[in-house]
Chemist: 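Mind having a look at this structure? Questions to follow.
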Amino acid sequence: MIKNICCIGAGYVGGPTMAVIAQKCPHIKVTVVDLNQDRINAWNHSDLSLLPVYEPGLDAVVAEARGRNLFFSTDVDKAIDEAEMIFISVNTPTKTYGVGKGMAADLKYIELCARQIARIAKTDKIVVEKSTLPVRTASAIKDILDNTGNGVNFQILSNPEFLAEGTAIEDLFAPDRVLIGGDTTPEGQKAIQQLVDVYANWVNPANILTTNVWSSELSKLTANAFLAQRVSSINAMSELCEKTGANVNEVSKAIGLDSRIGPKFLKASVGFGGSCFQKDILNLVYIAKSYGLNEVADYWEQVIVMNDHQKRRFAKKIVSTLYNTVSGKKIAFLGWAFKKDTNDTRESAAIYVADDLLNEQANIAVFDPKVGESQIQFDLNYLNTRTEEENKKGVQVFDNAYNACNNAHAIAVLTEWDEFKTYDWQKIYDSMLKPAFIFDGRNILNGEELEKIGFVYQGIGK
Ligand code: UDX
Ligand code: ADP
């Protein structure tokens with residue numbers, strides 16, 4: 001039975017996942033390591049509201065397990081040395097250089113981990129891929145481990161994480177399924193069983209699916225591609241709804257009641273964001289192209305094309321509705337995170353809408369309940385569209401929605417935070433310039449009520 005686990009990478013996946021394993025398995029010592037000292041300090045902070053990842057329920061899990069059998073450290077070598085099972089949960093961003101630039105996953109952090117494990121390991125280890133990886137990465141990791149290691153045995157497992165941010169803890173407590181891929185050899189099957197035994201501490205064994213490594217790796221990319229495709233499909237219909245007088249919420253409901261389609265992931269929006277959907281589809285497109293499967297590649301690429309269009313279309317609509325100019329006008333953004341209940345902003349639609357509006361010389365005022373100024377400026381600077389000074393000048397960040405909206409020409413809702421629904425909208429209306437516009441990029445506000453107050457309300461797909 002496994003007694004010592006380490007996880008390399010204390011991010012949005014590694015942190016919450018390991019916290020839950022530790023909480024559910026008090027007999028296993030779980031050490032989460034990261035090169036980033038600030039991140040580790042934040043995970044060790046006595047004030048649980050300052051953990052580096054915001055997830056509902058995460059603070060309670062960390063409070064229970066941390067210091068008991070859950071540890072956060074920057075001593076990567078020591079953790080590798082002591083662990084019987086090592087999860088790799090480092091970032092695999094889209095490549096920004098060389099072959100596969102803008103499409104393929106950059107595996108340099110994975111390779112560095114593999115080399116470090118090979119160098120340190122003096123006893124047999126099970127290495128678990130937690131990060132989403134292109135198909136056949138396991139064989140690359142195995143190559144490195146076997147050719148540079150100290151002669152110990154490594155088993156590589158693929159165990160993709162399906163949690164969604166914002167609901168990570170509930171997803172981890174009751175996953176639809178846990179997927180574990182491994183070698184079909186007896187040693188591979190033994191390693192699979194050892195990981196099954198870890199999850200079986202709280203997951204019904206019927207929900208633990210075992211496959212070969214390649215199926216497991218490809219299933220993760222496929223699941224994300226299918227989910228993103230549903231969002232792009234409903235977003236495509238939202239534009240048609242706007243032209244024809246149909247209402248996309250009604251269309252979603254009508255089709256979602258078909259049990260073959262189902263109701264989830266049919267919410268039209270300003271566009272999907274997050275660290276996974278775009279990256280994984282680009283990766284899928286790259287893999288398909290590399291096998292010469294151009295039709296397969298083109299098919300999936302359209303999901304991204306549609307999503308980019310949806311973000312751009314939203315910004316254009318704001319400009320055209322505001323009499324074709326937003327130059328010098330204050331536009332208040334409610335929300336910056338890529339979805340509610342997370343402080344993660346990676347690929348958030350808000351970044352791209354802001355970038356377009358800044359190109360139109362708008363003044364943007366942002367309020368997000370969990371995202372602060374430094375992250376917002378970082379996200380804009382990362383695009384490299386203009387200088388840091390220009391971004392600072394164009395975007396002001398507020399710690400209160402009412403101040404952000406004060407004297408604004410328009411409000412744009414970019415994230416579906418629940419608190420936005422409960423605001424005193426009359427008070428906000430009174431403080432704005434007239435006519436006061438609201439562009440609801442998440443269809444969360446009551447348009448009829450807002451119109452009664454006097455707002456000009458525009459949702460998505462209606
Ligand atoms: C996703 C997958 O759901 C998860 O299984 C995988 O492990 C990682 O990628 P995540 O990116 O955290 O999770 O959030 P998700 O809930 O999937 O939302 C992704 C984006 O799609 C968000 O920007 C969300 O606002 C948007 N979305 C989702 C919609 O616009 N409409 C919907 O109906 C659903
Ligand atoms: P995810 O959303 O997949 O968890 P993140 O970017 O939030 O991705 O987290 C990945 C973490 O992995 C980062 O905190 C980064 O510092 C860490 N990391 C990357 N490479 C290494 C490495 N070689 N050793 C330790 N930590 C690493």
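Order of appearance sets the numbers: ligands from 1, and atoms from 1 within every ligand. Side-chain atoms are counted along with the backbone in the values below, which use heavy atoms only and exclude waters and symmetry mates.
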Chemist: Under 3.5 Å, is there a donor-acceptor pair between the side chain of Thr415 and the main chain of Trp336?
Modeler: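 Checking the backbone N and O of Trp336 against the side chain of Thr415, a donor-acceptor pair under 3.5 Å is found.
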
Chemist: I'd like the name of whichever of Ile40, Thr17, Asp34 reaches closest to atom 16 (O) of ligand 2 through any heavy atom.
Modeler: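 Residue with the shortest heavy-atom distance to the ligand atom: Asp34.
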
Chemist: To the nearest 0.5 Å, what is the distance between CZ (Arg346) and OG (Ser275)?
Modeler: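 That separation rounds to 4.0 Å.
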
Chemist: Where's the contact between Glu111 and ligand 2, heavy-atom distance under 4.0 Å: side chain, backbone, both or neither?
Modeler: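 Neither; no heavy atom under 4.0 Å.
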
Chemist: Any N or O on Glu165 sitting closer than 3.5 Å to an N or O of ligand 1?
Modeler: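 Glu165 vs ligand 1: N/O contact under 3.5 Å present.
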
Chemist: List ligand 1 atoms under 4.0 Å from Leu266, heavy atoms only on the residue side.
Modeler: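 Atoms satisfying the 4.0 Å criterion: 33 (O).
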
Chemist: Hey, does Leu163 come in under 3.5 Å of ligand 1, counting only N/O atoms on both sides?
Modeler: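 Yes.
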
Chemist: Any nitrogen or oxygen of Phe277, side chain or backbone, less than 3.5 Å from one on ligand 1?
Modeler: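 No, there is no polar N/O contact under 3.5 Å.
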
Chemist: Does an N or O anywhere in Gly274 fall below 3.5 Å from an N or O of ligand 1?
Modeler: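 Looking only at distances, the answer is no, because the N/O contact criterion of under 3.5 Å is not met.
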
Chemist: Using distance alone, decide if ligand 1 has a nitrogen or oxygen within less than 3.5 Å of any nitrogen or oxygen in Arg442.
Modeler: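 Yes; at least one N/O pair falls below 3.5 Å.
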
Chemist: Donor-acceptor check, side chain of Asp368 to backbone of Ala337, threshold 3.5 angstrom: yes or no?
Modeler: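 Yes, Asp368 side chain to Ala337 backbone: donor-acceptor pair under 3.5 Å.
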
Chemist: Are the aromatic rings of Phe226 and Trp300 close, with centres under 6.0 Å apart?
Modeler: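 Under 6.0 Å, so yes.
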
Chemist: To the nearest 0.1 Å, how far is atom 22 (C) of ligand 2 from its closest protein heavy atom, and which atom is that?
Modeler: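 Going by distance alone, atom 22 (C) of ligand 2 is nearest to Leu35 CD1, 3.5 Å.
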
Chemist: Does any N or O of ligand 2 fall below 3.5 Å from an N or O anywhere on Tyr109, backbone included?
Modeler: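 By distance alone, the answer is no.
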
Chemist: Checking the N or O distance criterion of under 3.5 Å, is ligand 2 in contact with Gln116?
Modeler: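 No; the residue has no nitrogen or oxygen that sits under 3.5 Å from a nitrogen or oxygen of the ligand.
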
Chemist: For Phe439, is the NZ or CZ atom of Lys317 found under 6.0 angstrom from the centre of its six-membered ring and inside 45 degrees of the ring axis?
Modeler: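 Because its charged atom misses either the 6.0 Å distance or the 45° angle limit, Lys317 does not stack over Phe439.
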
Chemist: Is it true that Phe272 and Phe277 have ring centroids separated by less than 6.0 Å?
Modeler: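 That pair passes the under 6.0 Å test.
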
Chemist: Out of curiosity, is Lys340 lining ligand 1, as in a heavy atom under 4.0 Å away?
Modeler: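 Not so, Lys340 does not reach ligand 1.
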
